[in-house]
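This report concerns only the one structure given below.
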Amino acid sequence: MDFGTVDLTPEQEAFQREVRAVLGEIMTEEVHEHERRTGDGFNEGVHLALGSRGWLFPAWPVEDGGAGLDRVCQRILALEIARHQVPTITMGTTNLVWAAVELSCDPELTAELKPEVAAGRVRFCLGYSDPEGGSDIAGATLRAVRDGDEWVLNGSKLWTTGAHNCQYTFLLTRTDPEAPKHKGLTMFLVPLDAPGVEIQAIRTYGGERTNAVYYTDVHVADRYRMGEVNGGWATLQGPLSAEHGAGRPDDGLSDIAMFMGTREFERAIDAAARWAKRTSRPDGTLVADDPAFLDRLGRLAVSTEASWVTPAAMGRTKSSLSFIAGIAELMDMVGPEAVLAHGAEGAIEGGEIDFAHRFAQGTATYGGTTEVFKGMIAQHVLGLPRLNLPGSKQWVR
Ligand SMILES: Cc1cc2nc3c(=O)[nH]c(=O)nc-3n(C[C@H](O)[C@H](O)[C@H](O)COP(=O)(O)OP(=O)(O)OC[C@H]3O[C@@H](n4cnc5c(N)ncnc54)[C@H](O)[C@@H]3O)c2cc1C
């Protein structure tokens, strides 16, 4: 593995300065406050500002609404977006779905959507998880029934994050209940302003906003179908694999791990380090001069670094599990003030450690739970037999 750094050309350095200046201007305190208040993972003003510079799809040519950036500049942009804490949940889901739109949507619809998506005016969310169980994704129950040139949808989805900020959901439906479960599925791009769609907010312990979405006699034209009827499992594979880290260019400029909140853990560690440098023990010594504290902090920092360089599914599992265990240890090291939330009297470092602790818990669930990933690693990486857990709904049929 090459851990070498990249020497930037003068043009790339100028681009880095430009990105820092632009993000420094648009990532105002109001934007951060909006994110803390809503948990949306999205800010329309910021999203449109990025779109206006072609930075939502930076690799696309300028004439397609992108910025025509080379790989190094794409990486510079991605790193600065992360460093400036730009809310990117809806940006991420839109990116995941777009690749499937290009492959599987009606070409006329794709051409209509492309400039809108690039500009940030059209956004997509992921309508996979059923209320009955999100891990068993192929067990989807939301029904789509053909009616002439249209389809009629009935059912519900849980955890459709960003639905209230998106124009379409990439929806997994059941079109043939008699077929084996992977063979009776069809994907649609469903306009979220269609009559019969109802979005209800869910706020998580980690402060994120997600949604339950109800579909009652929702009529969708056949042009919004993606891929073959009953071929939904194939249509879904691209976005699912991309979410799990597949398909990233192997040029040393992509994330190695499947990102699951490592940055929030790093921010909490930095917050604890700053706190330690200005906080004294009762005997008058600085916390930052305590070798035991430094040893523990150093081990946590190393564990985040290890998560960054652990690939794909292993990285997803490691980053989440080491974040959950590590943030609890960090709270123990800092003490009672660490549990005070942003805005509470006596909160330290803007409540960064409390936020990271709450946020960490959800990272074991979304995008597929760590338990499910451990099963996939056992089966597909280690070549062990498929798990057969007595009592699991997955195998009780
Ligand atoms: C904040 C948040 C945002 C989300 N955003 C989205 C989104 O935008 N779109 C979307 O479609 N979904 C989204 N999800 C859903 C997420 O993908 C599911 O929650 C996840 O896949 C788990 O599904 P479940 O919650 O229904 O749990 P279940 O599938 O009911 O699982 C329950 C428990 O059983 C365990 N389990 C299940 N199957 C297995 C197995 N095979 N092996 C071992 N253990 C197993 C699980 O680990 C878990 O502990 C989001 C979830 C959260 C919390």
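Please read all numbers here as calculations on a predicted model, not as lab measurements. Heads up: numbering here begins at 1 and tracks the sequence. Counting starts at 1 for both ligands and their atoms, following the listed order.
- A salt bridge links E33 with R36: the distance from a Lys NZ or Arg NE/NH1/NH2 to an Asp or Glu carboxylate oxygen falls below 4.0 Å.
- Counting heavy-atom neighbours within 6.0 Å of E25 CD, excluding the residue itself, gives a total of 12 or less.
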Exercise for review: Apply salt bridge (Lys or Arg N to Asp or Glu O under 4.0 Å) to R223 and E112, showing your working.
Suggested key: CA-CA 12 Å; R223 75 187 300 237; E112 266 171 45; 2.9 Å; yes
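- Tested against S320, the residues T365, T363, T370 include a single side chain to side chain donor-acceptor pair (under 3.5 Å) partner, T363.
- Counting heavy atoms closer than 4.0 Å to ligand 1, residue T161 contributes atoms from both its backbone and its side chain.
- Put simply, part of G367 is less than 4.0 Å from ligand 1, judged by heavy atoms.
- Aromatic pair F42/H47: centroids less than 6.0 angstrom apart.
- Judged by distance alone, with hydrogens and angles left aside, the side-chain atoms of D130 form no donor-acceptor pair with the main-chain N or O of G133 at under 3.5 Å.
- Residue Y366 has no N or O atom closer than 3.5 Å to an N or O atom of ligand 1.
- With ligand atoms numbered from 1 in the order given, ligand 1 contributes 11 (O) to contacts under 4.0 Å with heavy atoms of Y128.
- Looking at W275 and E352, their side chains never bring a donor and an acceptor atom within 3.5 Å of each other.
- Taking the six-membered ring where tryptophan is involved, the planes of H182 and W233 are perpendicular, since the angle between them exceeds 60° and thus also 30°.
- If you number the atoms of ligand 1 from 1 as listed, the ones under 4.0 Å from a heavy atom of G133 come out as 26 (O), 30 (O).
- Atoms of ligand 1 found under 4.0 Å from any heavy atom of T369 (numbered from 1 in listed order, with element): 22 (C), 46 (C), 47 (O).
- Looking at ligand 1, you'll find an N or O of E371 within less than 3.5 Å of one of its N or O atoms.
- If you number the atoms of ligand 1 from 1 as listed, the ones under 4.0 Å from a heavy atom of L126 come out as 7 (C), 8 (O), 9 (N), 10 (C), 11 (O).
- The N/O atoms of D136, backbone and side chain alike, include none that comes under 3.5 Å of an N/O atom in ligand 1.
- For the pair S135 and ligand 1, the shortest N or O to N or O distance falls below 3.5 Å.
- Each of Y215, F170, Y224, W151 was compared with F188 under the ring-ring contact (aromatic ring centres under 6.0 Å, His included) criterion, and only W151 meets it.
- Ligand 1 has no nitrogen or oxygen under 3.5 angstrom from a nitrogen or oxygen of T204.
- Considering backbone and side-chain atoms together, E132 places no N or O closer than 3.5 Å to any N or O of ligand 1.
- Backbone and side-chain nitrogen or oxygen atoms of G134 are examined, and one is located within less than 3.5 angstrom of a nitrogen or oxygen of ligand 1.
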